[in-house]
> 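The following block contains the structure, expressed as structure tokens.
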Amino acid sequence: MRAAMSGASPVAYLSEIFASWQGEGARVGQRHLFVRFAGCNIRCRWCDTPDSLDRVRFCRVDYPDGRSETFSNPLALPTLAAIVEECCRLDSTIAMVAITGGEPMVQGAFLARWLSQAPPPVGCLLETNALVTHGLAAVLPGIEVVSADVKLPSNTGEADPWERHRAFLELCRDAEVYVKMPVDQDTVTEEVARAAKLIANTAPGATLFVQPITDADGPRWCIDQQRLAGLAAVASMHVPDTRVLPQIHKLVGIR
Ligand code: SF4
């Protein structure tokens, strides 16, 4: 195990770094380097990355050439930049760095420093729950694409996400944005309509991906097709480019 360099450098908590194909949203099938930040500001009842909800002690790096290495958290900025550079050098098909979590914007100050001082050699996609606006303005100049989730209260228990989602999407007005809306059998129809209206008003032209939540134990959807079609129809009344897209990586059994 390697101890991270620190000194005066900004540091961050990460849980894993690996290359795979993007399995969600508008960039499905593109080769991405996933840089997963540890720690999240909310607790979705269907969280698909439970190992990254809190600040973990170690970050595992799986390099494209098959080597693996474990780093102690927190990682210093030069350490992360060197890892990302090395991964992109080893796999020239990596099209983007997917900055994901957890919720990466919880460590927004680090993100802003990383992307401005030592940007990755390819563009960056920010995967976010779109609830943390603090520091976003400083992060966005380093981001090529924003993949923003809309978190419905019936799925997350978050009492009132609406104003935070509105503020987040308004800050992203000049970025390339698409929105994902995870749904299951218990998703409340009125919340889907409210979220779709909010997206239409704050991110006009964005594609909305209605994402059936996948069972943690296997590739089964937690919603039947009739209910899914009904929720997608409600969303499409407000967002014309509404599509249904499951998490492809779960269906085919890849990371
Ligand atoms: S926002 Fe993402 S990481 Fe956080 S609880 Fe929800 S699914 Fe899990």
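Numbering of ligands and ligand atoms starts at 1, following listing order.
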> With heavy-atom distances below 4.5 Å as the criterion, would you say the side chains of Glu16 and Val61 are in contact?
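Of all side-chain heavy-atom pairs linking Val61 with Glu16, none is under 4.5 Å.
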> Let me confirm one number: the CD-CG distance from Glu24 to Asp48, rounded to the nearest 0.5 Å.
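It is 6.5 Å, given to the nearest 0.5 Å.
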> Side chain, backbone, both or neither: which part of Lys151 has a heavy atom under 4.0 Å from ligand 1?
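Within the 4.0 Å criterion, Lys151 contacts ligand 1 through side-chain atoms alone.
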> Let me see the working for Glu69 and Tyr63 under side chain to side chain donor-acceptor pair (under 3.5 Å), right down to the final yes or no.
CA-CA 8 Å; Glu69 204 169 3; Tyr63 294 95; 2.9 Å; yes
> Just going by heavy-atom distances, which of Gly101, Pro50, Gly102 is nearest to atom 2 (Fe) of ligand 1?
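Answer by nearest heavy atom: Gly102.
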> By number and element, which atoms of ligand 1 are closer than 4.0 Å to a non-hydrogen atom of Thr49?
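Checking each atom against Thr49, I get 3 (S).
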> Relative to the ring of Phe18, is the ring of Phe34 parallel (under 30°), tilted (30 to 60°) or perpendicular (over 60°)?
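Taking Phe18 first and then Phe34, their aromatic rings lie parallel (interplane angle under 30°).
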> Closer than 2.8 Å to atom 8 (Fe) of ligand 1, do we get an N, O or S atom from Cys47, backbone or side chain?
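Given the 2.8 Å cut-off, Cys47 counts as a ligand of atom 8 (Fe) of ligand 1.
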> Could you tell me whether Leu53 approaches ligand 1 through its side chain, its backbone, both or neither, with non-hydrogen atoms closer than 4.0 Å?
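The answer is the side chain.
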> Counting heavy atoms only, which part of Cys40 comes closer than 4.0 Å to ligand 1: side chain, backbone, both or neither?
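Side chain only; the backbone of Cys40 stays clear of ligand 1.
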> Do the side chains of Arg194 and Glu191 get close enough for a salt bridge, i.e. N-O under 4.0 angstrom?
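Answer for the salt bridge query: no.
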> Nearest protein heavy-atom contact for atom 6 (Fe) of ligand 1: which residue, which atom, what distance?
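Looking at atom 6 (Fe) of ligand 1, the protein heavy atom closest to it is Cys44 SG, 2.3 Å.
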> For Arg57, does the CZ atom have more than 12 heavy-atom neighbours from other residues, nucleotides or ligands under 6.0 Å away?
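Open: at most 12 neighbouring heavy atoms sit under 6.0 Å from CZ of Arg57.
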